[in-house]
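This report refers to the structure that appears directly beneath it.
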Amino acid sequence: MTFTLATWNINSVRLREALVVALLRNEAPDVLCLQECKSPLDKIPVEQFRALGYTHMIGRGQKGYNGVAILSKLPIVETAAADYASLGHARHIAGRLENGVTIHNFYVPAGGDKPDRTVNDKFGQKLDYLTEMRNAFHADRPEKSIMVGDLNIAPREDDVWDHKKLLKIVSHTPVEVEHLAQAQDAGNWVDVTRQDIPQGKLYSWWSYRSPDWDAADKGRRLDHIWATPDISGAAHGSRILRHVRGWEQPSDHAPVFATFDL
DNA sequence: ATGGTAGGATCCCTA
């Protein structure tokens, strides 16, 4: 069985319903994981998604902020949700497919502007969130699992447009990269995107504040697809749909795709 | 050192 998975920070699923429909129509992933839905679950407009075959949806909603959802053509047999760092935010949902593969969908806290927890609570919360992710993966080692989402960290030098310039910018500081590596190691997670595309600059996010995002190309790879070693060898075809960032009234994130032959 | 844009809720917060 082959299935294709995508992850996309949509930055309001209600405002960008038509963009989600376009992506589902054009690319037809079997599973689409969304972050920053910014909507209660019962206000997500599912009619057109259903009509395209995405008859299954799980998620956690929140009014105005955060929010994660998984749209699927395939049945989802069991769901779970965590609230790491006890923030009370809708930042995680997990579901299992009938083939036994568990999918985790995360929206890791952005962490505010100053990379110093003594003056910026949000940065401390981000680090704590990652620490609790690590602890959870360590206590309950994932198997046959995929984890995706907006992790709000670009770990590698070639995951950002200028490594040196971003060393003190939240999303690329060494302390964040170390916390993310600890979470990744605890679950034995393989970075599927970099397994497929090992070399070169690769971004999934370009700020709205850059007047010409495409020409300036000051991007960061904040959105990730990881898999456990028992299925990571089945992954291929990773790609980031950069052109979607150029659609009318876009999200500031581009969707990330991977295909698994299981 | 600063400000740039966007979304959603409320007249500011978060990214």
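For the numbers below, each heavy atom of this structure counts, side chains included, while hydrogens, waters and symmetry mates do not. Model, not experiment: these values are computed from the prediction. Numbers restart at 1 for each chain; the letters A, B, ... are given by sequence-line order, proteins then strands.
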Could you tell me how far B:dA15 sits from B:dA1 if I compare only their P atoms? Round to whole Å.
24 Å
Distance in angstrom units between A:N66 CG and B:dC13 C1', rounded:
12 Å
Could you tell me whether the phosphate oxygens of B:dG7, OP1 or OP2, come under 4.0 Å of any side-chain nitrogen or oxygen in A:R16?
yes
Quick one: A:Y107 OH to B:dG7 C1', roughly how many Å, whole number?
11 Å
A:A110 side-chain proximity, nearest of B:dA15, B:dA9, B:dT5:
B:dA15
Applying side-chain contact (heavy atoms from CB on, under 4.5 Å) to A:L32 and A:I70, what does each step give before you reach the verdict?
CA-CA 6 Å; A:L32 174 62; A:I70 302 178; over 6 Å; no
For a quick test of reading the model: is some side-chain N or O of A:K122 closer than 4.0 Å to OP1 or OP2 of B:dT14?
yes
Could you tell me how far B:dT5 sits from B:dA9 if I compare only their P atoms? Round to whole Å.
22 Å
Once you round it to whole Å, what is the distance between P of B:dG7 and OH of A:Y65?
15 Å
Rounded to the nearest angstrom, tell me the gap between atom CG in A:D252 and atom P in B:dG7.
9 Å
For the C1' atoms, the ones on B:dC11 and on B:dG7, what distance do you get once it is rounded to whole angstrom?
15 Å
Where the side chain of A:K63 is concerned, which of B:dA15, B:dA9, B:dG8 is the nearest nucleotide?
B:dA9
Would you indicate whether A:D121, at its atom CG, is surrounded by more than 12 heavy atoms from other residues, nucleotides or ligands within a distance under 6.0 Å?
no
Closest of B:dT5, B:dG7, B:dA9 to the A:R209 side chain is B:dT5
Less than 4.0 angstrom between a side-chain N/O of A:R91 and OP1 or OP2 of B:dA15, yes or no?
yes
Could you state the interatomic distance from OG1 (A:T193) to CD1 (A:I240), rounded to the nearest 0.5 Å?
6.0 Å
Ranking A:D150 and A:G64 by the position along DNA chain B of their nearest nucleotide, the one closer to 5' is A:G64
Figure out the CG/C1' separation between A:D113 and B:dT5, and round it to whole Å.
14 Å
Report yes or no: does A:R245 contribute a side-chain atom to a donor-acceptor pair with the main-chain N or O of A:D214 at less than 3.5 Å?
no
Mind calculating the distance between NE2 (A:H253) and C1' (B:dT14) to the nearest angstrom?
12 Å
Hey, which sits more toward the 5' end of DNA chain B by its nearest nucleotide, A:Q249 or A:G111?
A:Q249
Give a yes/no on whether any side-chain N or O of A:Q62 is located under 4.0 angstrom from OP1 or OP2 of B:dG8.
no
On a whole-Å scale, what distance lies between the C1' atoms belonging to B:dG4 and B:dT14?
16 Å
Check for a donor-acceptor pair, side chain of A:H172 on one end and backbone N or O of A:A154 on the other, with a separation under 3.5 Å.
yes
Whole angstrom is fine here: how far is it from CD in A:E248 over to P in B:dA6?
11 Å
Start with the C-alpha gap between A:Y203 and A:D217, add the side-chain angles, then the distance that decides, and say whether side-chain contact (heavy atoms from CB on, under 4.5 Å) holds.
CA-CA 9 Å; A:Y203 315 136; A:D217 201 20; 3.5 Å; yes
Calculate the interatomic distance between A:L15 atom CG and B:dA6 atom P; express it in whole Å.
12 Å
